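Below is one structure, written out as C-alpha cells; the observations come after it.
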Amino acid sequence: MKTFRIGGVHPPENKIAAHKPIEVLPVPATVTIPLSQHLGVPAVPVLGKGDQVKTGQLIARGEAFISANIHSSVSGKVLKVDDMIDSSGYRKKSIVIQVEGDEWVEGIDRDSTLVKECQLNASEIVKKVHDLGIVGMGGATFPSHVKLMVPKGKKAEVLIINGVECEPYLTADHRLMLEKGEEILAGIAIQMKALHVERAIIGIEHNKPDAIKHMSELCSHYAGITVVDLEVKYPQGAEKQLIKAAINREVPSGKLPIEVGCVVHNVGTSFAVYEAVQKNKPLIERVVTVVGRSLKNPSNFLVRIGTPVDALVEAAGGMPDDTGKVISGGPMMGKALNDLGVPVTKGTSGILVFDKDESFRKPVLPCIRCSRCLNVCPMGLEPYLLAVLAEKDRIEECELERIMDCMECGSCLYVCPSGRPLLDHIRVGKSRVGKMIRERS
Amino acid sequence: MSQIKNFTKGFVKENPVFVLLLGLCPALGVTTSAFNGFGMGLATTFVLVSSNIVVSLIKSQIPDKVRIPSFIVIIASFVTIVQLVMEAFLPDLFKALGLFIPLIVVNCLVLGRAEAFASKKDTLSSVIDGLGMGFGFTFALTLLGAVRELLGQGAIFGYSFIQGDGMLVFVLAPGAFIGLGYLIALINTIKKTE
Amino acid sequence: MNGIINEITLISVVSLGAVGSFAAIILYMVAQKFKVVEDPRIDLVAEKLPGANCGGCGLAGCRALAEAIVKAESLEGMTCPPGGSDVMKDIASLLGLEAGDQVPMVAVLRCSGSKHNAPPKVTYDGAMTCAFAHSLFSGEAGCPYGCLGCGDCVVACAFDAMYMDAETGLPVIIDDKCVACGACVKACPRSIIEMRKKGKKDRRIFVSCINKEKGGVAKKNCAVACIGCGRCVKECKFDAITLDSNLAYIDYNKCTLCRKCVPVCPTNAIHELNFPPRKQRPEVTEQAEAK
Amino acid sequence: MNKLIISGSPHVQTDESVKKIMYGVVLSLVPAMLVSFYFFGLAAILITLTAVVSCMAFEFVIQKYLIKGPLTILDGSAIITGILLAFNVPSSLPLWMVVIGSAVAIGMGKMTFGGLGKNPFNPALVGRVFLMISFPVEMTNWPKPIAFSTQLTDVVTGPTPLAVMKEGVSQGEHVADILPEVPGYVNLLLGNMGGSIGEISALAIILGGLYMLVRKIITWQIPAAYLGSVVVFSGVFWLIDPTQYVDPLFHLITGGLMLGAIYMATDMVTSPMSHRGQLVFGIGCGVLTMVIRLFGAYPEGVSFAILIMNAFVPLINKGFKPKRFGEEVKHG
Amino acid sequence: MAKKESSFVNMVMTLMVVTAVASFTLASVYNITKGPIEMAREAARQLAITMVVPDFDELMTRRYMPAVGRDSLEFNYAYKNGELVGVAVATYTDMGFSGRIRAMVGFYPDGRIVDVVHLEHQETPGLGDKIEKGKSDWSDQFRGLDPSETVIKVTKDGGQVDAITAATITARAYCDGIRRAYDTFSNHVLNDGGSAE
C-alpha cells in the first residue's frame, strides 16, 4: 500500500454516513447563490432583481481567467442581487432567487443513461467545462478549465484522480464512486482527452474497500486508468501529498503539480465534467454529507447549490439540542458556521454537526516542545516555530522558514498535546507574508 | 541633580554592578568572601575617585583623539600606586586580592565613569560621583561576597555559623554567576516596587 | 641612590614618555587615514528624542528620525508623536530650523460594541489575536466592523496606555499615557482606532462607530451603532459632520465642541469625553427619540 | 438556541495531552523505582518521596507567590523532575540536601526561565549537578545495594563500578584484573551495583523506555544515537587497547548512561525538535559522556554531557531542520 | 562641553606629558614603597621559616636545583649556637588544581619533617584551601614524619597521607611539593654531610 512519506496524522475516521445512499434533497423555497464560490475573481451578475430564471440558466459570468460561470440551480424569480451573509458572517454579493416550479433550460440532458463516447476535441471540452462553471469539488473550488489547459512549455503525463476523501466524517466522494462510478470513469476519459495524457490513476484510501473494488472492476474496461490502494493517512487528499503517494514525485516548493507532469482532479469534479460535457448540465447541484454524532439521520444528499444549510440539517433529522458547532466541510479543514442561513456552495463537501462537548478546543497550555507538530507536518515545516514567529510579527523570518508552503491541513493543531492554536497564528503569518510578497513585486 | 542624589544614585538606582552591569570581572572573580569583596571595592573606590579628580581637572586640555589613552594611563598609574602601597603596608589584604588589583585597570567601571562623567562634569561632582559609584560598587561586591560566603562556607566576614562545609558551588565560579543573577533579579524587583 | 628621584625615575619617565608619544603618532596617523565623517548633530538630535523607538514617526526608530532630520535640514513632515511639539521645538532651536506646530493627538476607540450593547451571538474559541479572528469571521456580535476584543492593540502599545476592560470586552485607552504613536492603529485589523486631536481640556466629540452597513442591519447587531440617519449632520452648524455610506464622521478640525449633535443621535453613537455633566440630557434624548 | 462556537480549522484534536504524556513517563519509571526500592530499601523510598513532594511544593510556591500565574503543579512535570532527581542521587544523601536539590531543580532550573516548556536545561540534571558540585562528598558516597534493605544509616558504602574501573586504570592496572572487583554483567544489568538510586538497573530502565516508545512519548532517535555513539566510541578504544579500556557493554550498563539516554536526554523541552537534530544531539551526548568517562576528572559524565548538549539545542534546532517537502535536490 | 580639537602637536604633547607625569609619580611611589615591600616580604618569609624549624639564632640561605622541576629551591639553614638545628626549604609544585602551590617545609638535620606551612596557592576556597594551617589541621599530619620511612603520597596513590575529602588533587600536589623538598634535601644535606659549608 502506498502513501506519502513525510508527516501525516490519523484522526478517528467517523465515516458514519458511508452506507447511506445519495438522496435527492427537495428544492427549497428560496436559494441564495453567492457570486464568489470559487477561487479567484467573483463572477459578474448578468441579470437583476425581478428577472425570471430557469434551472441551469447562466446568472453570473466569470470574466477573469481564474473565475467561473455561475448558473441558477432553480427556476423562479430573482428576489434581489445584494450583499448576503456568507459562511464567515461577512456580507458578499449574492443572487437570491424565489423558487417557482422546476423548469430547466432546454438542451440539458436529464436522462440518466450513460454516454461514454465523447466527440469533442480538447479545446471544445475545455470550453464546455468553462462555460458550464465547473470548479474543483474537493473544497478548494479552483476553476477546472484552468487546470485542463496545460501551460506552454509544460507537458502533462499523468492525470491523478482524487478519491481519497481523507477528511474524517465525509463520505460524499465515497458514495459518488459507488453509485456513479461509470460516469466518473467517463469523465476521467474526457479529462484525459483534454489533457492529451495516456495514463490516469485513481487514488482511493484503504478504508473504502468497496469503492476500490468497484472502481477497479470498472477500470478494466478503460485503457490507461488504474486504481491505486492508498494507506489511510491525513492529508492524503492534498494535491502534493497525493502525487507523492500515487507516483512518488515531489512537487517543488511554490510550484504547481504540472511541474512534475501531473494534473489532479477530484472524483466529484470528474463526475461534474462528465455531466457538463456529455449531458450539457452546468454545475448546479452537488453531493453533501450531512453528519454528526447526535444527528438522527446522517445522510449524503444531492443538493441544489444555494440551498440554506438549515434545510440540510432539517432533512438529516433536525438540529440536536446540544449542538456546539456546525462545520461546512470536513473537520480538519472545514469552516465553522456562525449562521445556518448560509447557502451550500460549489465547494461544500459536508455539513458536520458537533455536540457541545466535542466543539470546544482543549485549554491552551505552554508548548512543551514535544516536536509532534514537526513530525506530523506533511510539508516538513516547523509549525511551533512558525506560530511563534507569526505571533511575534517576525514576518521576514516566517518567509525564510517557508511559511507559504503551509497548506493549512491542520495536522499540527490536531496533534498538539498542549492545544496550542498553531494554525491560527500561522494563518495570520501567511497572510502577512503574502502581503509582503505582493508589495515587493 | 543635587550632589546628594549624585552620591546616592550609585547604591541602588544606578548601582554599577546590579544595574549598570559594569565591572563584572572583579565582581565575579574576587567575591568568594565578603571581606575580599569589601577590600576590592575600597581599592576600586580609591582608584575611581582619584582618576575622576585628575580626569575632571585636565579634561579641557586633552584632545579628543587621545582621550582614552590618557585616561588609561592615569587609571593604570593609580592602580599601580594602590598595588605598591597595599603590598607595602597591607600585605595580608594584598595576598588575598593581589591577582585582581591590576585588573582594576580594565575595570570598565573606572574608565566608564571617567569617560561618561568626569570628562564632562566639574571636579566636585566627579569626586562625589566617584565616591558614590565606588561605595555602590563596594556595597555590591560585599553583598555578593557575603551571599557566596554565607551559602558556600556558612560564614560571614570569616565568622562561621555552621559546622562543616556549605554549598561548595557558591565558592566556585558558577556560584558567582548564580548569585549575581539572583541579586540582580532582586534589585530589579525592589526597583519596580519603588 | 635611595632618594625619591633617582635613575629609576629617569628611565621610566623617558621610556614611558617615548611610548606615549609613539602611541600618539600612530593614533594621529590612524585617525587621518580612517576619518569617518558623521554629522555630529545626529547624536545631538537623537539625544533629544524620547528613545522609545516606537515608530510613531514612521521611521525605524529614534536614531533614524534624527538622521532623517539632519539630512533633510528641515522639520517638514517630521513629527515625533510621543515627544510632541516640545521636542521638535527643542530640535528646531538646536539646528536653527523652524518647527511646525504639532497638534497633540490621542488614540480614540471608535466602537462601543460592548458585551451589553452588542451581545455575542456565537462563541469564539480560537487564538486570542484579532488578526486571526478578523480573517475567520465577522465577530462574536456579528458586526463586521466592530471590535473583536482580542486585544491586539493592547499588545501593540509600548506605553502601557491600553488595557482590556473585562466588563465590556473593549480596550480602554488611558489618555495620559497615550503618546499617539499609532501602533494600535496599525495593529487593529479593522481600523477602529483613530488618532484624533486631543482637544481643549481633553474634550472630544466623535462618532463611536465605523459600521458602514445599512442602518437596519447595523442596528440588528449593535444597539449603539451609527445608523446613518443624518440627524447630526443637520444639527451641526459648522459642517463638521459628514455622512458617507451610512456612517457619520466628525471632522475634529472643524468641530467646535458645541456638542449639540450628541443628544440628537437616536442610538447614542456620538460620544462626548471630559465634558461637565449635562443637566437635561435624559429629556433631550427622549425627545430626540420621540421625534 | 445555543450559541454556536466558532474557531479556525481543524475542529478535532487528539485526546493526547501534556498531562497524559507526563503521567505516561511517570508510569514508565515504575520498574526502575521498584528495583531501587528493592536494593536501597526505605532510604530510596524516603528520598524519592521527599524529592517529589518538595519539587511540587516549590513549584506551587513559586507559581503562586512569585510568578503569580496559573497553577500547573498537577500536570505531572514536577513529579517527573522529582523522581528523576531522586534517581540521580545516592540513597545515603541527607534528606535536607534532597530538598535543596529540588529547590534548585524547580527554582533555578525551571521557574527562573518561566516554567514548563521554557527551561533550556533539564531541571533534574540542574539540581543534580548543583548538588554534585556543592556536596561532592555526600554525592559520591555510594551505599552498596542490599536486597530488601530497611537500614537508613550506617550502610556499607563503596565506589561505583565506573569509579573502580577509572581508579584501577589510572593506577596502571589492567582491565582484566579490575573486572573481578566489580559485580558481574548480569548483576550490572539487573542493578546489583553501587550507584545512584534509579540508575542501577539498566534492564528496568530499558523496560520503561520500551513502554515510552510504544506510547510514542519518546522517539527512538536520541536513545539510539546516544547509546550507539557510546558503543562506537568506547569500542574503538577497546579494540585499540583492551588492557586500558573496558569493553563497550560495560560502559552501556554501568553508571547513569541508560537513565540519561532514555529519560534525561529525551526530555522534550530540552532536546532538539527534528529527527535529524535529535540524532546529532544524541551523538553529541554520547561522545561527551565517553570523553569525560575516559579522559575527564570524573568517572561518570552523563549529567554534564547532557547539560552541555542542552545548551546546544537552539543551535541544533537552527542548523538541523526537518526535511522539507519538495526541497530542492541539489544536483552535483 | 567644548571638546579640544585634535592636532598632531597637541596629541603628541598631551600623551607625552601625561605618560611622563604618570611615570614620574609611579617611580616616586615605587621608590618610597620599595623598602616596606621588601621588609614585608622578608617578614613573611621569616615567619614561615620560624614556623617550620626549631628555635634558631642564625640563618643562611642557599639555592639548589631539584632533581625534578624547572625552578630552584631556597634552602634556609637554621643554626643555634653554631649548630645546625633545621633546614627550611621553600618548595613548590605545579600539580595543583589551579596554578602553582608554594610551601615551606622544615626538616630536622636527620631528615624528619618539622612542619609544613603553605606560602601561596590558588586552590578552591572551601576545598583545596584546607592545606592552609588556619583553615584545617590537615597539614599537621606531616609533623614528625620521616620521608625515608613514610611514603609521602595520598593513600589512594599507595602512600600514607590521608587525602583531603573531595580535594585529592590538591593533597596529591602538596605531597609532591614536600617530596620535591625532601629529595633535594637528602641529595644536598643528608648525603653531603649535613652542612651548608
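Chain naming here is simple, since letters A, B, ... match the order of the sequence lines and numbering starts at 1 in each. Below, all heavy atoms of this structure are taken into account, side chains as well, without hydrogens, waters or symmetry copies. Just so we're clear, the structure is a prediction, and the values are computed from it rather than from any experiment.
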Above 12 or not: heavy atoms from other molecules or residues under 6.0 Å from CZ of B:Phe7? yes

Just checking D:Tyr65: does its OH atom have more than 12 heavy atoms from other residues, nucleotides or ligands closer to it than 6.0 angstrom? no

Nearest 0.5 Å please: distance from the CD1 atom of D:Ile133 over to the CE atom of B:Met167. 12.5 Å

Expected contact set for residues 98-115 of chain D against chain B at heavy-atom separation under 4.5 Å reads D:Ile100, D:Gly107, D:Met108, D:Thr112

Does atom CZ of B:Phe157 have more than 12 heavy-atom neighbours from other groups under 6.0 Å away? yes

